[in-house]
Amino acid sequence: MSLTPVRNLQLHNQIERVLHVPGNYRGGILEMAIVVDCTYDRETVRSLCADIMESCKKQSDIFRNVRLNMVMWSADQIDTQTAACAHIQIGTFFDRYEPEDIATAKSVEKLMEYLKKFHARSKLIFVVVRDKEQFHQAADADRLKESLNPFLKQKLVMIYPEEMESGTEFFIKIL
């Protein structure tokens, strides 16, 4: 699965929306994160993340010098690794990537708490998720809302197999 021209334009619009939120990115080195749902197979996640980075770099010069955090989200752990954008674009970052079983349930609340705690400095956070319906099912909606407020929801871009949505749209749906 790679980004079609239409989805690439949607991604461009989502990035512009995030970067122009009052109080967000104002210059200097941009810090961003890509959260990868570990149920994706290696080739899909490799091509999708490469397309995301390529789209970002085509969009603006601010993506020339980026601190990129790759967050690997599996059922039993959430792990962050700092990566070079070039390693994502050519796919070498995912050489040691091992997908997990699709049937394993994950906690969206834990992911958002983790992002709020460890990636609050990131100006832009992509969440690449395989199953939109499962992602939208929060066991504790109040805990999830607390994690998304006051600023995390404005930095998120959720990328599903068939569509994209902003963190604000996601927040409204869980209300």
Side-chain angles (χ1 to χ4, degrees), residues 1-19 30-60 62-108 110-112 114-115 118-119 122-137 152-170 173:
M1 178 181 94
S2 62
L3 294 178
T4 63
V6 171
R7 286 181 47 112
N8 207 358
L9 182 61
Q10 290 173 336
L11 182 63
H12 174 81
N13 291 336
Q14 291 287 349
I15 293 168
E16 282 297 314
R17 179 197 53 78
V18 170
L19 293 180
L30 176 69
E31 185 167 338
M32 61 186 270
I34 299 177
V35 178
V36 176
D37 180 353
C38 289
T39 59
Y40 273 111
D41 64 275
R42 180 179 297 154
E43 292 310 312
T44 301
V45 76
R46 181 178 281 163
S47 69
L48 190 54
C49 289
D51 287 351
I52 290 169
M53 288 310 306
E54 182 179 337
S55 180
C56 288
K57 288 200 174 215
K58 282 182 180 176
Q59 180 169 346
S60 175
I62 64 169
F63 292 100
R64 214 175 343 155
N65 189 14
V66 174
R67 178 185 168 99
L68 177 62
N69 297 303
M70 293 297 296
V71 181
M72 309 311 280
W73 179 39
S74 62
D76 55 343
Q77 69 179 4
I78 301 171
D79 183 41
T80 300
Q81 300 171 25
T82 302
C85 295
H87 286 186
I88 303 301
Q89 286 183 284
I90 61 175
T92 56
F93 177 81
F94 296 102
D95 287 347
R96 288 181 268 133
Y97 172 81
E98 290 297 325
E100 69 176 6
D101 184 24
I102 295 173
T104 311
K106 296 184 196 120
S107 172
V108 178
K110 285 183 184 177
L111 174 65
M112 294 304 161
Y114 180 86
L115 291 175
F118 295 108
H119 294 284
S122 293
K123 307 298 186 222
L124 179 62
I125 302 172
F126 296 104
V127 183
V128 181
V129 181
R130 183 183 187 115
D131 188 358
K132 179 182 177 181
E133 300 306 318
Q134 184 180 3
F135 190 72
H136 279 256
Q137 294 178 356
L152 187 61
K153 66 180 180 256
Q154 297 171 339
K155 298 178 180 192
L156 293 173
V157 175
M158 269 59 118
I159 301 174
Y160 307 115
E162 301 299 324
E163 64 182 297
M164 288 179 208
E165 76 178 338
S166 68
T168 306
E169 291 172 310
F170 174 67
K173 288 179 182 177

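One-based numbering along the sequence shown. Just so it is clear, the values below take in all heavy atoms, side chains as well, and ignore hydrogens, waters and symmetry mates. Remember, predicted model here, so these are calculated numbers, not experimental data.
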Checklist entry - Do we see a donor-acceptor contact under 3.5 Å between the side chains of Q14 and R17? => result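 Yes - a donor-acceptor pair under 3.5 Å links their side chains.
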Item to check | Heavy-atom donor-acceptor pair, S107 side chain to K110 backbone, under 3.5 Å | outcome: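 Yes, because the side chain of S107 sits within donor-acceptor range (under 3.5 Å) of the backbone of K110.
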Checklist entry - Would you say the side-chain atoms of E100 pair up with the backbone N or O of A75, donor to acceptor, closer than 3.5 Å? => result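 Indeed, once roles are kept as given, a pair shorter than 3.5 Å links the two residues.
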Item to check | Any residue meeting salt bridge (charged side-chain N to carboxylate O under 4.0 Å, His left out) with K132, in chain and number order, not counting sequence neighbours | outcome: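 Here the qualifying residues are E163.
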Could you list the donor-acceptor pairs under 3.5 angstrom formed between side-chain atoms of residues 81-92 and any protein atom two or more places apart in sequence or on another chain?
unit_1 : atom_1 : unit_2 : atom_2 : d
Q81    : NE2    : D79    : OD2    : 3.2
T82    : OG1    : N69    : OD1    : 3.4

Item to check | Plane angle bin for H136 and Y160 - parallel if under 30°, tilted between 30 and 60°, otherwise perpendicular | outcome: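 Ring orientation, 0 to 90° scale: tilted.
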Checklist entry - Which class fits the ring pair Y97 and F94: parallel under 30°, tilted 30 to 60°, perpendicular over 60°? => result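 Perpendicular.
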Contacts of type side chain to side chain donor-acceptor pair (under 3.5 Å), residue [X], not counting sequence neighbours:
X	result
E133	none
D41	T44
D76	S74

Item to check | Selection residues 80-97 - residue pairs positive for salt bridge (Lys or Arg N to Asp or Glu O under 4.0 Å), sequence neighbours left out | outcome: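 Counting only pairs at least two positions apart or across chains, the salt bridge (Lys or Arg N to Asp or Glu O under 4.0 Å) contacts touching residues 80-97 are R46-D95.
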Next on the checklist: Less than 4.5 Å apart, side chain to side chain, heavy atoms only: is that true for F93 and L68?
Outcome noted: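 When only atoms from C-beta onward are counted, L68 and F93 do not touch, as no gap falls below 4.5 Å.
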Checklist entry - Can you name the closest pair of heavy atoms from L30 and I62 and give their distance? => result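 What the structure gives for the nearest pair is CB-O, 4.1 Å.
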Item to check | Worked verdict on K173 versus E169 for salt bridge (Lys or Arg N to Asp or Glu O under 4.0 Å) | outcome: CA-CA 6 Å; K173 288 179 182 177; E169 291 172 310; over 6 Å; no
